[in-house]
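Below, chains carry the letters A, B, ... as their sequence lines are ordered, and counting in each starts from 1. Note: hydrogens, waters and symmetry copies are ignored here, and every other heavy atom, side chains too, is used.
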There are 2 protein chains.
Amino acid sequence: MPTHYTGTAQQTLALNTFIKLNRACDSLNARLAARNTHPGLSVSQFSVLEALLHLGPMCQRELGSKLLKSNANITLVIDNLEKLHLVKREINPDDRRKFQISLTNAGRDLISSIFPKHVEAIVAELSVLEPTEQQLLGDLCRKLGKSSQE
Amino acid sequence: MPTHYTGTAQQTLALNTFIKLNRACDSLNARLAARNTHPGLSVSQFSVLEALLHLGPMCQRELGSKLLKSNANITLVIDNLEKLHLVKREINPDDRRKFQISLTNAGRDLISSIFPKHVEAIVAELSVLEPTEQQLLGDLCRKLGKSSQE
DNA sequence: ATCTAATAGTTCGATATCGAAATAATACTA
DNA sequence: TAGTATTATTTCGATATCGAACTATTAGAT
């Protein structure tokens, strides 16, 4: 569904690229969600658990910057994960403004058990692209994504 | 920020591609939002107005399928746009289950006036990629996005 | 013509998401 | 060291977003 806007060639190209990028992302995520690879967890909850599993404990602000979410949002997501007993908040004694967020045993077990299915779903959905195409897409996205910084 | 997951080469590639795609999309949209090219409107509201401007009046379900949103969501967004007097609901006499959603004059004036700024912001943000790279990115996204259909 | 599908939209309850304002703790500065 | 600025988190109010259950209308089937 390209745009119906009529502008210069440069504008049309940029706009169509923008639209296709967003649609690819949205529809890919919708297809992944439909595969139900993280039952009982929201996407945000899943992302937080995954970050904690693979990157280790960190404070909320770090989580927010890794996941590109606001502090307010992270507060809520951690609240909900805490209610589910999947993560815990611990005051950082070195800086009492911070909470150290880490996985509980239950959280670690859960994310460890569902992550492989998530990976398989991604592999399956991305299989419409050859490995070289995936690499190329990743490179272009990287270039576009970090116009700001890492 | 590539994954720290250790799987097969195929898994690692797919996962990294997936992460880069999502990050590119999120960070691009955040940078566009920071440019404040659609003041007073949410992204969803903007998208609906834009679809109506460029594609013409349509019913809610059509809007949802163009924008990849649920019916419930479209109902709310249209409610809010209606309160702002930017769109109107009119019963379709041929099928009274449907509302025909169209821009009011105020809505048309507004979206017409801000859309060019939006395009310029996209052109500026995408300028880190050469035209051929934008084309390539768009092609790869198209291929990935329509694993299902149109 | 009646009964059943399917379709369009709404409502509900939960979670997400943001920006702005508020609070608490730490760092910096004069 | 007192005073200010910065940082981490929370709270608030608004909008977004989904799936599921519901209502109303239309389409299809016998």
For this session: Check whether any side-chain heavy atom of D139(B) lies under 4.5 Å from a side-chain heavy atom of K143(B), and answer yes or no.
Result: no
Exercise. Just by distance, do the side chain of S27(A) and the backbone of G145(B) share a donor-acceptor pair under 3.5 Å?
Worked result: yes
Taking only N/O atoms, report every protein-nucleotides 10-12 of chain C pair under 3.5 Å with atom names and distance.
| residue | atom | partner | partner atom | Å |
| --- | --- | --- | --- | --- |
| dT10(C) | OP1 | R89(B) | NE | 3.3 |
| dT10(C) | OP1 | R89(B) | NH2 | 3.3 |
| dT10(C) | OP2 | Q60(B) | OE1 | 3.2 |
| dT10(C) | OP2 | Q60(B) | NE2 | 2.6 |
| dT10(C) | OP2 | T75(B) | OG1 | 2.7 |
| dT10(C) | OP2 | R89(B) | NH2 | 3.4 |

Problem set entry | Within-4.5 Å side-chain heavy-atom neighbours: L49(A) and L53(A) | no
Exercise. How is L68(A) classified with respect to the nucleic acid when contacts are heavy atoms under 4.0 Å: base, sugar-phosphate, or nothing?
Worked result: sugar-phosphate
Exercise. Taking side chain as C-beta onward, heavy atoms only, is F46(A) less than 4.5 Å from I111(A)?
Worked result: yes
Problem set entry | All salt bridge (charged side-chain N to carboxylate O under 4.0 Å, His left out) counterparts of D95(B), not counting sequence neighbours | R97(B)
For this session: Report, as yes or no, whether the 6.0 Å neighbourhood of atom CD on E90(B) holds more than 12 heavy atoms from other residues, nucleotides or ligands.
Result: yes
Exercise. Distance-only, no hydrogens or angles: does the R23(A) side chain make a donor-acceptor pair with backbone N or O of K66(B) under 3.5 Å?
Worked result: yes
Seminar exercise, completed: With syn meaning chi within 90° of zero and anything else anti, the base of dA22(C) is anti
Problem set entry | Same apolar cluster (I L V M F W Y, side chains within < 4.5 Å links), L68(A)/L81(A) | no
Problem set entry | Atom-pair distance (CD1 on I101(B); P on dA8(C)), nearest Å | 13 Å
For this session: Not counting sequence neighbours, which residues clear salt bridge (charged side-chain N to carboxylate O under 4.0 Å, His left out) with D79(B)? List them please.
Result: R89(B)
Exercise. For residues 34-48 of chain B, which residues have at least one heavy atom under 4.0 Å from DNA chain C?
Worked result: none
For this session: Examine distances only and state if a side-chain atom of R142(B) and a backbone atom of T17(A) form a donor-acceptor pair shorter than 3.5 Å.
Result: no
Exercise. Which nucleotide span of DNA chain D, 5' end to 3' end, has atoms closer than 4.0 Å to non-hydrogen atoms of chain B?
Worked result: dT15(D) to dT26(D)
Between the protein and nucleotides 24-28 of chain C, list every N/O to N/O distance that falls short of 3.5 Å.
| residue | atom | partner | partner atom | Å |
| --- | --- | --- | --- | --- |
| dT26(C) | OP1 | R96(A) | N | 3.1 |

Problem set entry | Flag side-chain contact, heavy atom, 4.5 Å: F18(A) against V123(B) | no
Seminar exercise, completed: The reported gap from CD in Q11(B) to CD in E120(A) (rounded to nearest 0.5 angstrom) is 5.0 Å
Seminar exercise, completed: Paired to dA5(C) by Watson-Crick or G-U wobble criteria (both distances under 3.5 Å) is none
Exercise. Does the side chain of L137(A) reach to within under 4.5 Å of the side chain of C141(B), using non-hydrogen atoms?
Worked result: yes
